[in-house]
Amino acid sequence: MKKRFITNLGLLLLLNLLIKPFWIFGIDRSVQNITGTENYGMFFSLLSFSLLLNIIPDFGISNFNNRETARDHQSVHNHFSSFVALKIVLSVIYILCLLTIALLLNYDNRQLYLLMFLALNQILSSFILYVRSNISGMQYFKTDSFLSVLDRTFMIIICMFLLWGQSSNHVFRIEWFVYAQTVSYILALLISLITLLSLTGRLSLHLQTAGMISILRRCVPFALLTLLMAVYYRIDSVMLERLLPDGPTQAGIYAQAFRITDALIQFAVLFATLLLPMYSKMIKQKERVDQLTTLAFNLLLFPSVILVVAAGFCCREIMDMLYHSTTPWSGTILVILLVNYLFICVSYIFGTLHTANGNIGLLNRIAAAMVAINIVLNLVLIPRWQVMGAAVASLITQASSALLQTIFAFRWFKFSISKRKSALFLLFILLLMTAGFGFRMLSLPTVAVFGGTLSTGLGLAILFGHLNPRLLSEIWNARSLLPRHADQT
């Protein structure tokens, strides 16, 4: 299981490193710089609003289906028609709910127009996610890895033409950005469906009311969890835009730092995507999960700590390099959200473990508490500290969530950690921070400070045994380790 995890993780990371950074920093960042902080801030707030309720068209079906398919591959044939029919009904409900709330929030005509396209994009994305959940659940991780970057690949091609292939007489509009996403999602969904059919054979599509109701009832806990997590992760920008007189501008400032951390979070999502079916299968077979958890923890958290510390010492320069319009506190916001990202990594590992074990009730209780904490903090801090208040509220919420999930995981799965490893981890952090301060005080160029801190961190991680060079070599050469005849070995 460890070799399969390493093998498929290597391919998944390689593909995403080739595609998603260019999308985020080449395309998405360029769109904000061209359209302006206020215009992009409006789009970013609407996008976050559409994501708050995007659990409705999915309703936890993808996570539930991934877990069930990993345990029994035949469930693809048993549930496919019911799931698709159910998702169509839920998609209609999603649009109606979104439109109703948007009218209550007094969005103008342009915002409503964009919101409807963003809602369509969320529906298409949820169908893609569902189709992929069947493929990854059947352990076709290699195939799913390629499908995971398909939509972004199409978006890059379309947006490159719109941004740089047009005549200078055409001014790029934020609406074009949304249209490009719609077309890309449609193409990715069609290819994903064709791929699933090629792996499973013919799949029937007919309405089964009894089956839909049964599935809906079983998916409620998964849906509630996703909804609660979306609220305390995405509501910051919505509240910024609605609570402040210059809300769109403030949301745009928040989006600048959020984009960087969100790019990093995508790699944590990749870990969770691989871990969920593996954890599910291991738990069903009553295998211990501590070694896989330790492996995932080392491969995700330690490189993340190194990167966050290195970026933290160059935060102001990074923001000035990426964006045309920044504020004096842009670097501080980035640091807060980078630390926030580390807690999110912990949540993705232990939260995925709890999900695979069926501890959805526990996760829902934690998430509900986090929603309450986050909303109260935003209501108090945003009027006082504006975008800084939203960042601090997010940090406190994510740290609390990660701590609770970790405590319960250690109790539930009887994990243990030695005092020696704890001391080494603290020493690792201390030495890394000391190195960063040292490079910074030498008044070296930003690239040297970042590169020196990064290199020092990697060296310390290898020296302390947190990262194994042989393991890193296996990940880098993962493509050669992939089985020749199937993804399933």
Practice task
May I ask you to check if Arg259 and Tyr40 form a cation-pi contact, with NZ or CZ under 6.0 angstrom from the six-membered ring centre and within 45° of the axis?
Solution key: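 Pair Arg259/Tyr40 counts as cation-pi.
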Practice task
Flag this pair as yes if the NZ/CZ of Lys87 is under 6.0 angstrom from the six-membered ring centre of Phe127 and inside a 45 degree cone about the axis; otherwise no.
Solution key: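 Relative to the ring axis of Phe127, which defines the angle, Lys87 lies inside both limits.
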Handout entry: Pair Phe49-Tyr107, ring pair (Phe, Tyr, Trp, His ring centres under 6.0 Å): steps then yes or no
Key = CA-CA 12 Å; Phe49 179 52; Tyr107 281 125; 5.7 Å; yes
Exercise for the section: May I ask you to decide if the ring planes of Phe177 and Phe43 are parallel, tilted or perpendicular, using 30° and 60° as cut-offs? Expected result: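 Answer is perpendicular, since the angle exceeds 60°.
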Exercise for the section: Measure the acute angle between the ring planes of His354 and Trp412, then classify it against the limits of 30° and 60° as parallel, tilted or perpendicular. Expected result: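 It falls in the perpendicular class, over 60°.
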For the backbone of [Y] and the side chain of [X], can you confirm whether one donor and one acceptor N or O come within less than 3.5 Å of each other?
{"X": "Ser133", "Y": "Tyr130", "answer": "yes"}
{"X": "Arg152", "Y": "Trp23", "answer": "no"}
{"X": "Asn33", "Y": "His324", "answer": "yes"}
{"X": "Thr182", "Y": "Val178", "answer": "yes"}
{"X": "Ser192", "Y": "Ala188", "answer": "yes"}
{"X": "Tyr232", "Y": "Ile373", "answer": "no"}
{"X": "Gln256", "Y": "Gln32", "answer": "no"}
{"X": "Arg29", "Y": "Leu322", "answer": "yes"}
{"X": "Ser280", "Y": "Leu276", "answer": "yes"}
{"X": "Asn39", "Y": "Thr35", "answer": "yes"}

What's the spacing between [X] [atom1] and [Y] [atom2] if we round to 0.5 Å?
{"X": "Gln250", "Y": "Asp236", "atom1": "CD", "atom2": "CG", "answer": "13.0 Å"}
{"X": "Met370", "Y": "Leu404", "atom1": "CE", "atom2": "CG", "answer": "5.0 Å"}
{"X": "Leu163", "Y": "Ile158", "atom1": "CG", "atom2": "CD1", "answer": "11.5 Å"}
{"X": "Leu275", "Y": "Thr293", "atom1": "CG", "atom2": "OG1", "answer": "7.5 Å"}
{"X": "Ser237", "Y": "Arg242", "atom1": "OG", "atom2": "CZ", "answer": "11.5 Å"}
{"X": "Asp28", "Y": "Phe44", "atom1": "CG", "atom2": "CZ", "answer": "9.0 Å"}

Practice task
Examine Phe350 together with Phe408 and report whether their ring centres are nearer than 6.0 Å.
Solution key: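 No.
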Practice task
Answer yes if the ring centres of Phe117 and Tyr179 are under 6.0 angstrom apart, and no otherwise.
Solution key: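 Between Tyr179 and Phe117, which both carry aromatic rings, the centre distance is below 6.0 Å.
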Exercise for the section: Take Met319 and Cys315 through the side-chain contact (heavy atoms from CB on, under 4.5 Å) test and state the conclusion after the steps. Expected result: CA-CA 6 Å; Met319 297 298 283; Cys315 56; 5.6 Å; no
Heavy-atom side-chain contact between [X] and [Y] under 4.5 Å:
{"X": "Leu379", "Y": "Met239", "answer": "yes"}
{"X": "Ser394", "Y": "Phe343", "answer": "no"}
{"X": "Leu99", "Y": "Leu96", "answer": "no"}
{"X": "Val231", "Y": "Asn374", "answer": "no"}
{"X": "Leu377", "Y": "Val392", "answer": "no"}
{"X": "Leu90", "Y": "Tyr94", "answer": "no"}
{"X": "Leu395", "Y": "Val339", "answer": "yes"}
{"X": "Leu114", "Y": "Met42", "answer": "yes"}

Which heavy atom in [X] sits nearest to a heavy atom in [Y], and how many Å separate them?
{"X": "Asn378", "Y": "Ala390", "result": "OD1-CA, 3.5 Å"}
{"X": "Leu46", "Y": "Gln111", "result": "CD1-O, 3.8 Å"}
{"X": "Ile93", "Y": "Ile56", "result": "CG2-CG2, 4.1 Å"}
{"X": "Ile333", "Y": "Ala391", "result": "CG2-CB, 4.3 Å"}
{"X": "Thr153", "Y": "Ile19", "result": "OG1-CD1, 3.7 Å"}
{"X": "Cys159", "Y": "Ile27", "result": "CB-CG2, 3.5 Å"}

Please report, to 0.1 Å, the donor-acceptor pairs under 3.5 Å made by any side chain of residues 295-314, with sequence neighbours excluded.
{"unit_1": "Ser304", "atom_1": "OG", "unit_2": "Leu300", "atom_2": "O", "d": "2.6"}
{"unit_1": "Ser304", "atom_1": "OG", "unit_2": "Tyr341", "atom_2": "OH", "d": "2.8"}

Exercise for the section: Begin with the C-alpha distance, continue with both residues' side-chain angles, and end with the deciding distance and a verdict on side-chain contact (heavy atoms from CB on, under 4.5 Å) for Arg110 and Tyr113. Expected result: CA-CA 5 Å; Arg110 185 190 182 199; Tyr113 176 79; 5.6 Å; no
Can you find a side-chain donor-acceptor pair between [X] and [Y] that sits under 3.5 Å?
{"X": "Asp262", "Y": "Tyr233", "result": "yes"}
{"X": "Ser184", "Y": "Asp151", "result": "no"}
{"X": "Ser126", "Y": "Gln122", "result": "no"}
{"X": "Ser45", "Y": "Ser48", "result": "no"}

Problem - Chi angles and distances behind the side-chain contact (heavy atoms from CB on, under 4.5 Å) call for Ile191, Thr195 - result: CA-CA 6 Å; Ile191 293 175; Thr195 303; 4.2 Å; yes
Practice task
Output all residues satisfying side-chain hydrogen bond (donor to acceptor under 3.5 Å, both in side chains) with Glu38, sequence neighbours left out; order by chain, then residue number.
Solution key: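 Applying side-chain hydrogen bond (donor to acceptor under 3.5 Å, both in side chains) to Glu38 gives none.
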Practice task
Evaluate side-chain contact (heavy atoms from CB on, under 4.5 Å) for Val220 paired with Phe59, printing each intermediate quantity in order.
Solution key: CA-CA 7 Å; Val220 166; Phe59 214 77; 3.8 Å; yes
Exercise for the section: Take atom CG of Asp108 as the centre, draw a 6.0 Å sphere, and report whether it contains more than 12 heavy atoms from other residues, nucleotides or ligands. Expected result: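 Enclosed: over 12 neighbouring heavy atoms sit under 6.0 Å from CG of Asp108.
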Problem - Listed partners of Asn364 passing side-chain contact (heavy atoms from CB on, under 4.5 Å), at least two apart - result: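 For Asn364 the side-chain contact (heavy atoms from CB on, under 4.5 Å) partners, ignoring immediate neighbours, are Pro221, Leu224, Leu225, Leu228, Ile360.
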